[in-house]
Amino acid sequence: MTTQPTYRLSQLDELEAESIHIFREVVAELERPVLMFSGGKDSIVMLRLAEKAFHPARIPFPVLQVDTGYDFPEVLACRDSWVDRLGVRLLVASVEEAIADGVVVDDGRTSRNRLQIGTLLHAIEENAFTAAFGGGRRDEEKARAKERVYSHRDEFGQWDPKNQRPELWSLYNGRLHEGEHMRVFPLSNWTELDIWDYITRERIEIPSIYFSHRRRVFERDGMLLSESEFNPLREGETVQERTVRFRTVGDLTLTGCVESEAATLEEIVEEVGASRITERGATRGDDRFSEAAMEDRKKEGYF
Amino acid sequence: MDLLRFATAGSVDDGKSTLIGRLLLDSKSIFEDQLEAVEATSRTKGYDYTDLALLTDGLRSEREQGITIDVAYRYFATPKRKFIIADTPGHVQYTRNMVTGASTADLGLVLVDARQGLTEQSRRHAVILSLLRVRHLVLAVNKMDLVDFDRATFERIRDEFAAFTARLNVPDLTVIPISALQGDNVVTRSENMPWYDGSSLLHHLENVHIAADRELRDVRFPVQYVVRPKSDEYHDYRGYAGQVASGVLKPGDEVMVLPSGLTSRIAGIDLFDREIEEAYPPMSVVVRLEDDLDVSRGDMICRPHNQPDQSQDVDAMVCWMTKEPLRPRQKLAIKHTTRSARAVVKDVQYRLDINTLHRDADTHELGLNEIGRVRLRTTQQLLTDPYEQNRVTGSFILIDEATGVTVGAGMIN
Ligand SMILES: Nc1nc2c(ncn2[C@@H]2O[C@H](COP(=O)(O)OP(=O)(O)O)[C@@H](O)[C@H]2O)c(=O)[nH]1
């Protein structure tokens, strides 16, 4: 914390204070919160902020991860390290199991990310969670720019864009009816660069795949994908070893990496600062199909 | 690097989207793929220039579909500051949107078209911003290229606006002639207007001094949550978590807890795993007291000789945000700082015409997007300050108990 004689907080300290306020407000007003954990840097920053919000007490809610079956092992290792250190309860909702139980239907054409929606909603319903923290940021793309910090979901878990509540000052309205829940986005006002600056400042542990490393990859639809048993090669695709890193983590059959030499946090900050392509544009296969893709998935209850 | 939050306002076609697009572009907050998409769309539409307004688009089509967009937030940063823009589109729900966007803004940016000069809407924007206590106001006189960068045109608009805002509470007004489309006076000073000796818009945004806006005298710490670890290591730990609303708190300070009125001293202030020497707004901290008092959420820590008002009677300016009008005897839920209560409407004293500032005392209701002076009676005491002095302890929201929807925003007199 940099205390300036003018009693102005730095931008990161102000964002941190705002996010901590949101975590505490939800815990004080909504009975059963849960933190949705993707394993990515945003959800790890959320964990860090939650840790700060309740210290020296433990984080008073569990962490829910949707296991696509196609997660990077490095991401799961990092998750376990965080969960152990914080002593927080981890719930894993498996897409495989949801398919086996008939909760969602895998027709062979639907992407894993989409199957996650059903799995997630089912887990929220089963556990009667009333608030689910998500790592979404408004700078991610147009559809999110108008998202509230408290985003109200009806009893079907759907986002009704015609019926969102105005949000003024830092007075959040957490009123719910039976069966409804709230998605809460404590990182709403952070940008990608803020996240990296914060990770660097706080020396936060993140999955190793964010850093430059050698990896066997192949090209598909203009993206570099990791070689994997889950990702059978198609005709004409060939594997090469390259020096890469991931800018987002997700389903490994869809998440592309970029060629990069950035091996330290400082180098990543520099690269992100100079980078001219959005995170999603660069590396998320499921977002590229249509501009409205994100909006549609959000209505259905996607993160 | 610090943070400046500003709200933008302008009538349709004044060039607000173009200006925001230019700020994002020139501060390199636009990514290659976003720009390429916009260039492609501009070509498809047959424009001979890149329509920067498309960068923040996505709202237009939504408006057509009837989707509520009260405020869209945009982000950009320069080496000096990070900026959060609360962009409030459309005039259908205008008052509600602007009140929402202005509630968190340090600065308000109003756009006018130089060819048209001030309109009823520009005056309305200024009124709402001043009502929400946005201390710094910038009037950007846009499309100067279309009036041949004419000095007299600019000065006429500037003087007229200054005369109008003199009737409002606007401590800091800056007027800048710009061309959002061509970039004049947006990031760098324009060579087309050598007669203008002020700073460019971005330079002004980077340097406007907002430190003094935070209230540092009256100590107000609304207790948000009680931290009790229940672990062996921190067996006796009991701390009061919250965000400092105003004032500076220090260990050793004598404090009073309201509404109980009990006093104690601050034993320590924790910020995560560190003890700190001072806490000031808007820090989120945990305060420990020397004595074991019964303190809970909704209480307020202050200094014994500087207390907020404690009352069940609230007199406030209310902006009404739903179709069903606000009427006397109506019952609502109220959320003020960390305290929630119920409230009944005693009366509507007048409705403020935000175009003329006329007070209409003949009406006893407030309709959607109307602002008026309202008296409420609450089931519990609220611990308040006038909004004019304190934006945190002076504001509240009203909630419809049946639907759970936020239906009103209040600023205490
Ligand atoms: N000549 C000129 N045209 C402008 C300027 N700023 C905006 N425009 C044009 O005015 C029209 C409306 O602008 P837009 O940014 O969409 O306005 P909004 O409705 O306020 O967001 C568009 O055709 C712009 O290209 C300017 O400074 N000069």
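Just so we're clear, the structure is a prediction, and the values are computed from it rather than from any experiment. These numbers come from the heavy atoms of this one structure, side chains and all, not from hydrogens, waters or symmetry mates. Just so we're on the same page: letters track the sequence lines, and every chain starts at 1.
Of all the listed residues (A/Ala145, A/Pro56, A/Ser188), the one sharing the greatest number of non-hydrogen pairs under 4.5 Å with chain B is A/Pro56. Among the candidates B/Ser395, B/Ala409, B/Ala105, the residue making the largest number of heavy-atom pairs closer than 4.5 Å to chain A is B/Ser395. Note: B/Ile84 leads B/Val392, B/Leu4, B/Ile84, B/Val244 in heavy-atom pairs under 4.5 Å with chain A. Interface summary for chain A: among B/Asp270, B/Thr403, B/Val286, the most heavy-atom pairs under 4.5 angstrom belong to B/Thr403. Comparing A/Leu15, A/Leu176, A/Asp194 by how many heavy-atom pairs each has under 4.5 Å with chain B, the most go to A/Asp194. Per-residue counts of heavy-atom pairs under 4.5 Å with chain B were compared for A/Glu180, A/Glu51, A/His152; the largest is that of A/Glu51.
A donor-acceptor contact shorter than 3.5 Å links the side chain of A/Arg165 to the backbone of B/Gly404. Not one N or O on the side chain of A/Arg138 forms a donor-acceptor pair closer than 3.5 Å with the backbone of B/Ala72. Checked by atom type and distance alone, the side chain of B/Ser103 never pairs as donor or acceptor with a backbone atom of A/Leu168 at under 3.5 Å.
Contact annotation for B/Leu132: only side-chain heavy atoms (C-beta onward) come within less than 4.5 Å of a heavy atom of chain A. With a threshold of 4.5 angstrom between heavy atoms, B/Tyr234 approaches chain A through side-chain atoms but not through N, CA, C or O. Both the backbone and the side chain of A/His21 come within contact range of chain B, with heavy atoms under 4.5 Å apart. Only the side chain of A/Glu29 comes within contact range of chain B, with heavy atoms under 4.5 Å apart. Only the backbone of B/Val285 comes within contact range of chain A, judged by heavy atoms closer than 4.5 Å. Using a 4.5 Å cut-off between heavy atoms, B/Ala279 does not touch chain A at all. Of the atoms belonging to B/Ile397, heavy atoms from both backbone and side chain fall under 4.5 Å from chain A. If you measure heavy-atom distances from A/Ser19 to chain B, you find no contacts under 4.5 Å at all. Within the 4.5 angstrom heavy-atom criterion, atoms from both the backbone and the side chain of B/Asp273 approach chain A. With a 4.5 angstrom heavy-atom cutoff, A/Arg58 does not touch chain B via any of its atoms.
The line from CD1 of B/Ile399 to CZ of A/Arg175 is 5.5 Å long, rounded to the nearest 0.5 Å. In this structure, CD on A/Glu16 lies 6.0 Å from CG on B/Leu271, to the nearest 0.5 angstrom.
The two residues A/Ala17 and B/Ser284 come nearest to each other via the heavy atoms O-OG, 2.8 Å. The nearest pair of heavy atoms linking B/Met321 to A/Pro166 is SD-CG, 3.8 Å. Smallest separation of non-hydrogen atoms from A/Ala28 and B/Arg297: CB-NH1, 3.5 Å. Between B/Phe396 and A/Leu171, the shortest heavy-atom distance links the atoms CA-CD1, 3.6 Å.
Relative to the six-membered ring of B/Tyr225, A/Arg24 misses at least one condition, a distance below 6.0 Å or an angle of at most 45° to the axis.
When only modelled atom types and interatomic distance are considered, B/Tyr75 and A/Asn189 share a side-chain donor-acceptor pair under 3.5 Å.
In A/Glu31, the CD atom is not crowded: 12 or fewer heavy atoms of neighbouring residues, nucleotides or ligands sit closer than 6.0 Å. Within 6.0 Å of atom CZ in A/Arg85, more than 12 heavy atoms from other residues, nucleotides or ligands are found, so the atom counts as buried in its surroundings.
Here the side chains of A/Ile20 and B/Gln243 are not in contact, with every heavy-atom distance at 4.5 Å or above. The shortest side-chain heavy-atom distance between A/Glu25 and B/Thr338 falls under the 4.5 Å cut-off. A 4.5 Å side-chain heavy-atom check between B/Thr337 and A/Trp169 finds every atom pair outside the cut-off. Residues B/Pro282 and A/Leu9 meet the side-chain proximity criterion, which asks for heavy atoms closer than 4.5 Å.
Here B/Phe272 pairs with A/His55 under the ring pair (Phe, Tyr, Trp, His ring centres under 6.0 Å) rule; sequence neighbours left out.
Put simply, the residue from B/Lys82, B/Arg5, B/Met283 that forms a side chain to side chain contact (heavy atoms under 4.5 Å, CB included) with A/Glu14 is B/Arg5.
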Please lay out, stage by stage, how B/Val248 and A/Tyr7 fare under the test side chain to side chain contact (heavy atoms under 4.5 Å, CB included). CA-CA 9 Å; B/Val248 181; A/Tyr7 292 109; 4.1 Å; yes
